Structure formats: C-alpha cells, structure tokens
Amino acid sequence: MNTRYYMVIIKGEIKTSEIMSCGYNRNTQKWDVKFNTGKIYSYAYLNVEKLTEPEVLNPNMYRISREGREFFDVKAIYVFRSRYESYWHICFGNGSERDYRRNDLHIIESFRINIPLDRIAADEATEQKIYNMICENLHLSVEQVMAELDISRSTVFRDYAKIRKVTGAVYDKKTSTWTL
C-alpha cells in the first residue's frame, strides 16, 4: 500500500506499513484487510479508517521532535486527517518512513525565508510571491502561477530560473514536485 496516498487506522492503531491492501466489502459490510504476511482479516466498519488525500507540507517549513528528540533530514511530510485526529507520515533522507499521531509530535512552523533578489522592486515582489507559493504547495504548476499572478508563461519560467539560482529549489517533472 502506498503510504504517501493512504493511511489505515485499525482499532485506533496506525497499521499502514503492515498492509498490502484494504477495501470495503459491501457483501459482508466489513473491511477486508490483506497484511504483508499474506493473511486477510475482516474488520467491522467502525474499526477501520482508510484516510486519503493527504495535505503535502514543505519539510523546510517545520521543526519536528518527539519525546525531546528532533527529527533531521526530513524529505517529505504528508498529513492525513480523520474526523477526530490528524496523522503525519514523515519520509526521511535515508529512505525510512514513519507514521505519527499529530498529538505525539512537537511541531514548530518555521518562518518563511525572504529570498535575496537583485531586480527592480516589482520583479522582486513577483519572484517572492512565486517562491512563497512554492513553499505552500510543492506541486505548484506553471498554470497555477500564471492564473494567480496574471503573468505570462515566459515570466514564470524566468522567475523560476532566478528562484532556482538563489535558493537551489528544483522542480522534478516526473513527480511534479518542488524540492527546496
């Protein structure tokens, strides 16, 4: 099961990494959960939460710790929300991934960085706005920037180049994701 798209909570415990598949069976009115061991178990409807559509956060904007130990080399953060709680799926630079209840973490949102720009004030403001948009949405598209700021495609690409040069931000076309 792709842990960046789904979070499965069974009887109050995060089980996503142990699960191959999870689907609701309308005939039995239960959740059929296939674990990585190959075993399949059925659970009452209220015992399983399958969370989808996580909010993707910029890991550079957060300092996270748990039980007094700060997390380092965080590469991605996915926040899943249920009716009562939120859960954080955190990916680290060494390839490991961990799931946490939001309440178990100490989180400090960092201040946004103002990037040093050396153009006239109007261009600086546009570049800063684009950079701020990237910080808020790592899946930001050229079309979204064009629509939001009412600027041309060539202006967006020119400003992307400046932002890349100044901040080191990189856009991965395969995953449609910015890395800051």
Side-chain angles (χ1 to χ4, degrees), residues 1-110 112 131-145 147-148 169-180:
M1 178 164 282
N2 189 328
T3 55
R4 295 175 188 217
Y5 295 110
Y6 303 102
M7 168 105 29
V8 178
I9 315 298
I10 299 177
K11 296 181 179 180
E13 298 293 322
I14 303 168
K15 296 290 188 180
T16 317
S17 63
E18 301 171 34
I19 295 172
M20 289 178 79
S21 65
C22 176
Y24 185 69
N25 184 328
R26 291 176 190 236
N27 295 330
T28 62
Q29 297 184 343
K30 293 185 177 192
W31 287 96
D32 290 335
V33 179
K34 184 175 184 179
F35 286 85
N36 294 335
T37 61
K39 293 185 179 181
I40 300 173
Y41 295 94
S42 293
Y43 292 92
Y45 178 78
L46 294 176
N47 286 337
V48 176
E49 287 183 280
K50 185 177 182 181
L51 308 178
T52 60
E53 299 180 23
E55 178 183 0
V56 181
L57 301 180
N58 179 348
N60 296 321
M61 300 300 291
Y62 296 88
R63 289 182 48 210
I64 305 167
S65 60
R66 182 171 177 251
E67 298 174 351
R69 284 179 254 147
E70 188 170 347
F71 296 174
F72 293 98
D73 200 20
V74 175
K75 295 298 182 190
I77 302 170
Y78 300 86
V79 179
F80 293 85
R81 289 186 172 76
S82 72
R83 204 175 301 159
Y84 307 106
E85 277 190 83
S86 67
Y87 301 88
W88 286 44
H89 178 75
I90 301 176
C91 303
F92 297 92
N94 66 2
S96 67
E97 301 179 4
R98 300 280 185 274
D99 296 315
Y100 303 94
R101 280 187 166 74
R102 165 61 181 93
N103 293 339
D104 292 340
L105 300 173
H106 178 71
I107 299 168
I108 300 172
E109 187 170 358
S110 303
R112 179 164 287 120
Y131 181 73
N132 291 346
M133 290 170 71
I134 292 168
C135 288
E136 292 171 8
N137 178 6
L138 294 178
H139 297 284
L140 186 69
S141 70
V142 172
E143 290 74 19
Q144 288 171 304
V145 175
E148 178 77 22
V170 178
Y171 185 75
D172 183 344
K173 291 179 184 177
K174 289 180 183 176
T175 61
S176 301
T177 306
W178 281 94
T179 302
L180 301 178

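Predicted model, so just to flag it, every value in this text is computed and none were measured.
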Quiz item: Does Val8 offer a backbone N or O that forms a donor-acceptor pair with the side chain of Thr16 under 3.5 Å?
Solution: yes
Quiz item: If you count the non-hydrogen atoms of other residues, nucleotides and ligands that lie under 6.0 Å from OH in Tyr87, is the total more than 12?
Solution: yes
Self-check item: Val48 side chain near Cys22 side chain, heavy-atom distance below 4.5 Å
Solution: yes
Quiz prompt | Salt-bridge contact Arg69-Glu67 (side-chain N to carboxylate O under 4.0 Å) | solution = yes
Quiz item: Below 4.0 angstrom, N of the basic side chain to O of the carboxylate: do Lys34 and Asp32 qualify?
Solution: no
Practice problem: Look at the side chain of Trp31 and the backbone N and O of Gly23, then say whether any donor-acceptor pair between them is shorter than 3.5 Å. | Solution: no
Quiz item: Taking C-beta and beyond as the side chain, do Arg4 and Cys91 meet within less than 4.5 Å on heavy atoms?
Solution: yes
Quiz item: Minimum heavy-atom separation for Cys135 to Asn58, with atom names?
Solution: O-CB, 3.3 Å
Self-check item: Glu143 atom CD, neighbour heavy-atom count above 12 within 6.0 Å
Solution: yes
Practice problem: Decide if atom OH of Tyr41 counts as having more than 12 heavy atoms of other residues, nucleotides or ligands within a radius under 6.0 Å. | Solution: no
Quiz item: Is the closest side-chain heavy-atom distance between Arg81 and Arg102 below 4.5 Å?
Solution: no
Self-check item: Test item: Leu105 and Trp88 side chains (from C-beta on) under 4.5 Å apart, heavy atoms
Solution: yes
Exercise. Would you check if Tyr62 and Ile108 make a side-chain contact, meaning some heavy-atom pair closer than 4.5 Å?
Key: no
Quiz prompt | Side chain Asn36, main chain Ser17, donor-acceptor under 3.5 Å | solution = yes
Practice problem: Using a 4.5 Å cut-off on heavy atoms from C-beta on, say whether the side chain of Lys50 contacts that of Tyr24. | Solution: no
Self-check item: Rounded distance [0.5 Å steps], NZ in Lys39 versus CD in Glu18
Solution: 13.0 Å
Practice problem: Could you tell me whether the side chain of Gln144 and the main chain of Ser141 form a donor-acceptor pair under 3.5 Å? | Solution: yes
Quiz item: Between Met7 and Asp99, which heavy-atom pair has the shortest distance, and what is it?
Solution: CE-OD1, 3.5 Å
Self-check item: Arg83 with Glu49: basic N within carboxylate O range, under 4.0 Å
Solution: no
Quiz item: Is any side-chain heavy atom of Asp73 less than 4.5 Å from a side-chain heavy atom of Asn94?
Solution: no
Quiz item: To the nearest 0.5 Å, how far apart are NE2 in His89 and CG in Leu57?
Solution: 12.5 Å
Exercise. Give the minimum heavy-atom separation between Ala76 and Pro59, together with the two atoms involved.
Key: N-CG, 4.0 Å
Practice problem: Specify the closest pair of heavy atoms between Ile10 and Tyr43, including all atoms of both residues, with the distance to one decimal. | Solution: CG2-CE2, 3.6 Å
Quiz item: Which value, rounded to the nearest 0.5 Å, describes the distance between Leu140 atom CG and Glu148 atom CD?
Solution: 9.0 Å
